[in-house]
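For reference, the structure is listed below as structure tokens.
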Amino acid sequence: MIGKILGTGSYVPGKVLDNNDLAKFIDTNDEWIRERTGIVKRHLIEDDTTVTMAAEAAKRALENAKVSAEEIDLILLSTVSSNVILPSTACEVQKIIGAVNAVCFDLNAACSGFLFALNTAQAYIHAGMINTALIIGAESLSNIMDWQDRGTAILFGDGAGAAVLAAEEGHIFPTVMHSDGAKGDALLCQSRFRREQSTSLELKSGETDIPGTAGFPVDTYVQMNGQEVFKFAVRQVPLAIEELLSACDKTTEDIDLFVLHQANKRIVEGVAKRLHMDMERFPMNLMEYGNTSSASIPILLDELNRQGRLQKGMKLVLAGFGAGLSWGAAYMEW
Ligand code: COA
């Protein structure tokens with residue numbers, strides 16, 4: 001059995017921050033950001049949360065797939081920036097959309113998250129454990145940005161994307177996934193949990209509060225060595241795609257579209273160049289949304305789908321890369 005994408009959905013918040021807006025409070029400018037990244041604007045949450053965006057993208061994907069929430073066996077949600085730690089973001093989405101028969105959990109593989117979730121759902125389907133999966137990438141990265149750091153604040157945005165996957169007869173395609181934790185320092189976000197008082201849990205007679213349990217994360221923001229991440233992406237993504245195509249017995253010429261994680265226009269161009277491919281096969285929407293981490297691939301996929309650019313039988317390669325470091329690629333026939 002193989003999982004086939006029956007429908008897609010996405011949601012981005014309405015508030016837009018363009019490069020000129022950013023230049024009002026960071027030492028940067030529109031020309032520099034466009035030239036070095038391709039990004040023109042990003043959408044940021046106001047009243048939305050990771051959960052509400054994920055639920056909206058999920059509803060749109062179910063509608064597009066013509067699948068009811070009750071038919072979903074698995075909700076697999078990728079995020080690094082949820083507004084909830086417990087319960088899982090996936091369970092919160094389940095509650096909102098009424099997917100009462102689904103088992104739900106979150107997955108953190110940063111910007112490779114949607115790709116890893118897709119591959120995981122495929123494995124569940126292939127093993128006969130489930131029939132229908134809802135996979136979601138959702139991020140409120142604006143909550144974990146240091147808005148004074150021009151090396152990161154210019155790059156990221158908020159949003160969510162989703163896809164409904166259903167089992168059908170067919171051979172599962174090989175996938176490629178890699179991680180290199182030893183290089184994780186290049187892109188990280190560390191939670192510093194604060195304890196308000198002592199760490200002692202001993203209660204004195206008459207005390208109602210438990211000292212040391214009022215912890216919550218503070219100063220949690222993304223830190224990055226931009227050049228290192230850039231070099232990693234441009235080197236590893238083409239290798240992963242070549243590894244994937246060889247395992248699938250395909251060549252780059254067979255592929256209609258390469259749907260890459262939307263981090264930086266120059267990274268996408270660098271990957272295309274190393275694969276000796278025309279940029280026409282590398283759709284991009286990072287100009288509008290910036291880097292939305294695990295939401296970027298499903299948002300782009302949904303846009304292509306709704307624009308009618310994905311015809312039945314088209315051959316796609318999806319590729320993700322990011323913190324971990326982690327990276328990978330998947331082949332699919334639409
Ligand atoms: N605005 C204006 N100038 C900036 C700037 C900004 N936002 N950020 C850096 N600069 C300046 C630097 O201070 C430096 O100035 P100098 O030459 O006078 O010293 C110059 O621009 C070049 O800086 P550098 O850091 O070498 O820029 P870069 O070309 O590497 O671009 C990134 C920086 C972050 C855009 C780029 O490294 C990148 O996109 N990396 C990948 C990041 C990524 O995609 N991460 C997520 C992966 S999932």
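Both counts, for ligands and for their atoms, begin at 1 and track the order of listing.
Not a single donor-acceptor pair under 3.5 Å links the side chain of E70 to the backbone N or O of V100.
When only interatomic distances are considered, the shortest N/O to N/O separation between T37 and ligand 1 does not fall below 3.5 Å. Ligand 1 has no nitrogen or oxygen under 3.5 angstrom from a nitrogen or oxygen of N291. Considering backbone and side-chain N/O atoms, T28 comes within less than 3.5 Å of an N/O atom of ligand 1. Backbone and side-chain nitrogen or oxygen atoms of A263 are examined, and none is located within less than 3.5 angstrom of a nitrogen or oxygen of ligand 1. Of the polar atoms of R150, at least one N or O is found under 3.5 Å from an N or O of ligand 1, judged by distance alone.
For atom 11 (C) of ligand 1, a protein heavy-atom neighbour is found at a distance under 4.0 Å. Of the protein's heavy atoms, none falls inside 4.0 Å of atom 14 (C) of ligand 1. Note that atom 18 (O) of ligand 1 has no protein non-hydrogen atoms nearby, at separations under 4.0 angstrom.
The aromatic rings of F282 and F258 sit parallel to each other, their planes meeting at less than 30°, with 60° as the upper class boundary.
Per-residue contacts place G322 under 4.0 angstrom from the following atoms of ligand 1 (heavy atoms of the residue considered): 48 (S). Atoms of ligand 1 lying under 4.0 Å from at least one heavy atom of I154, given by number and element, are 7 (N). Counting atoms of ligand 1 from 1 in the listed order, those under 4.0 Å from a heavy atom of H261 are 48 (S).
Among all non-hydrogen protein atoms, the one lying nearest atom 34 (C) of ligand 1 is G151 O, 3.8 Å. Of the protein's non-hydrogen atoms, G226 O, 2.9 Å is the one closest to atom 40 (N) of ligand 1. For atom 22 (C) of ligand 1, the closest non-hydrogen atom of the protein is R36 NH2, 3.7 Å. Regarding atom 39 (O) of ligand 1, its nearest protein heavy-atom neighbour is N264 ND2, 2.7 Å. Atom 47 (C) of ligand 1 has its closest protein heavy atom at V229 CG1, 3.5 Å. Of the protein's non-hydrogen atoms, C111 SG, 3.3 Å is the one closest to atom 48 (S) of ligand 1. For atom 24 (P) of ligand 1, the closest heavy atom belonging to the protein is Q227 NE2, 3.6 Å. Scanning all protein heavy atoms for the shortest distance to atom 45 (N) of ligand 1 gives M224 SD, 3.2 Å.
Inspection of the T8 and N305 side chains reveals an N or O donor paired with an N or O acceptor under 3.5 Å. The closest side-chain donor-acceptor pair between Y289 and D158, if any, does not fall under 3.5 angstrom. Side-chain polar atoms of R34 and N29 form no donor-acceptor pair below 3.5 angstrom.
W327 and F232 have their aromatic ring centers within a separation under 6.0 angstrom.
Contact record, E139 with T292: CG-O, 3.2 Å, taken as the closest heavy-atom pair.
Taking 4.5 Å as the limit, every side-chain heavy atom of L76 sits out of range of all side-chain heavy atoms of L134. L155 has its side chain within reach of T37: a pair of non-hydrogen atoms, C-beta onward, lies under 4.5 Å apart.
Summarising the local packing, NZ of K183 is surrounded by 12 or fewer heavy atoms from other residues, nucleotides or ligands at distances under 6.0 Å. The environment of CD in E169 is sparse: at most 12 heavy-atom neighbours from other residues, nucleotides or ligands sit within 6.0 Å.
Between atom 31 (O) of ligand 1 and the options F232, F321, W32, the minimum heavy-atom separation is to W32.
Using a cut-off of 4.0 Å between Lys/Arg side-chain N and Asp/Glu carboxylate O, R150 and D27 are scored as salt-bridged.
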